[in-house]
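Just below is one structure, and these are the notes that go with it.
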Amino acid sequence: MSPTSKETERLVLRRWRTEDREPFAALNADPEVMEYFASTLSRRESDELIDRIEAVFVERGFGLWALEVKATGEFIGFTGLWVPSFEAAFTPTVEIGWRLARGAWGHGFATEAAEASLREGFVDHRLPEVVALTYEHNVRSRAVMERLGMKTDPGDDFDHPALAGHRLARHVLYRMPSDRWRRSDP
Ligand SMILES: CC(C)(COP(=O)(O)OP(=O)(O)OC[C@H]1O[C@@H](n2cnc3c(N)ncnc32)[C@H](O)[C@@H]1OP(=O)(O)O)[C@@H](O)C(=O)NCCC(=O)NCCS
């Protein structure tokens, strides 16, 4: 049974609630948040994504946590562990991902939640490695990966199979093996 929430200094990482649907649809409809995705999401697509995330929590015991700012109670997006559904040289694997509302950028929230998610992956689920992937020019997302101490190798760059021929196809892969994480964990 997966836990229903965990806390960091400034955030609650929790399972999704009905009242998250509206602000999540708003961030998924924001072209700036979705700049490096093939398209923004409709309300229906956004709701379906929440349903899928919740189903994965039940199925696998981990998933993309809804993030709430402790000080305000505000829902700001997600961070957490996910299993890529496509095939590539590095799959099967577990990735770490994040998507925050524009107003929540620039506070270190994604990195804070991701540090807790890496710990969850290595301590609770005993994963041998966690990866992160993004469009090669998604500088903000790459910066989170680098703040986490994840490392990239140009030999791992790949074209995302779901974006074949698309201008956003070229992706970079960052890796964090469990032994390196343990050596760097304070
Ligand atoms: C990727 C994304 C989550 C990164 O958000 P972010 O706010 O840049 O990253 P963090 O939450 O780690 O915040 C880091 C910033 O907060 C600043 N910061 C302020 N207070 C801070 C604190 N107390 N602790 C740490 N950092 C703090 C840092 O200096 C840094 O600022 P900078 O970017 O100006 O250098 C966000 O841009 C996003 O949601 N993008 C759209 C979705 C997306 O592309 N997802 C990835 C797809 S693979």
Side-chain angles (χ1 to χ4, degrees), residues 6-13 16 20 23-42 45-46 49-50 52-53 56 63-72 74-86 88 90-91 93-121 129-153 156-164 166-176 181 184 186:
K6 57 175 73 226
E7 289 193 19
T8 64
E9 189 188 340
R10 296 175 298 166
L11 300 170
V12 181
L13 284 60
W16 293 70
D20 301 329
F24 190 52
L27 76 85
N28 284 321
D30 180 344
E32 196 175 358
V33 173
M34 300 303 281
E35 182 178 1
Y36 301 119
F37 294 84
S39 63
T40 54
L41 300 187
S42 67
E45 290 167 330
S46 178
L49 178 52
I50 293 181
R52 209 160 88 236
I53 292 169
V56 168
L64 299 170
W65 295 105
L67 303 186
E68 188 177 301
V69 179
K70 277 186 190 171
T72 60
E74 186 190 5
F75 165 87
I76 57 166
F78 69 66
T79 296
L81 302 172
W82 192 250
V83 175
S85 55
F86 58 86
F90 55 87
T91 63
T93 189
V94 175
E95 68 168 308
I96 185 166
W98 33 73
R99 189 182 305 171
L100 267 53
R102 180 64 188 89
W105 297 6
H107 299 277
F109 290 145
T111 302
E112 185 170 317
E115 280 168 352
S117 298
L118 277 184
R119 168 169 289 280
E120 177 193 346
E129 180 177 68
V130 174
V131 304
L133 49 108
T134 192
Y135 170 58
E136 60 181 350
H137 297 306
N138 190 344
V139 173
R140 279 190 167 268
S141 192
R142 293 185 66 153
V144 178
M145 297 168 196
E146 279 160 24
R147 278 192 288 276
L148 292 171
M150 303 183 87
K151 301 272 185 250
T152 189
D153 175 342
D156 281 333
D157 290 0
F158 69 105
D159 290 331
H160 197 300
L163 293 165
H166 195 281
R167 68 183 171 81
L168 299 173
R170 198 67 184 158
H171 274 53
V172 287
L173 181 81
Y174 282 70
R175 296 178 186 266
M176 175 62 89
W181 178 81
S184 63

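Keep in mind the model is a prediction, meaning the values are calculated, not measured. Counting starts at 1 for both ligands and their atoms, in listed order. Heavy-atom basis, side chains included; hydrogens, waters and symmetry copies ignored.
- Ligand 1 lies under 4.0 Å from heavy atoms of Arg10, Val33, Phe37, Trp98, Arg99, Leu100, Trp105, Gly106, His107, Gly108, Phe109, Ala110, Thr111, Leu133, Thr134, Asn138, Arg140, Ser141, Val144, Arg147.
- Ring geometry, Phe86 versus His160: the interplanar angle falls from 30° to 60°, so the pair is classed tilted.
- Here the closest non-hydrogen pair linking Glu95 and Val130 is C-CG1, 4.2 Å.
- Relative orientation of the Phe75 and Phe24 rings is perpendicular, given thresholds of 30° and 60° on the angle between their planes.
- Aromatic ring pairs are classed by plane angle as parallel below 30°, tilted from 30° to 60° and perpendicular above 60°; the pair His137 and Tyr135 is perpendicular.
- A side-chain donor-acceptor contact under 3.5 Å links His171 to the backbone of Ala169.
- Listed by first and then second residue, the salt bridge (Lys or Arg N to Asp or Glu O under 4.0 Å) pairs involving residues 28-37 are Glu32-Arg102 (not counting sequence neighbours).
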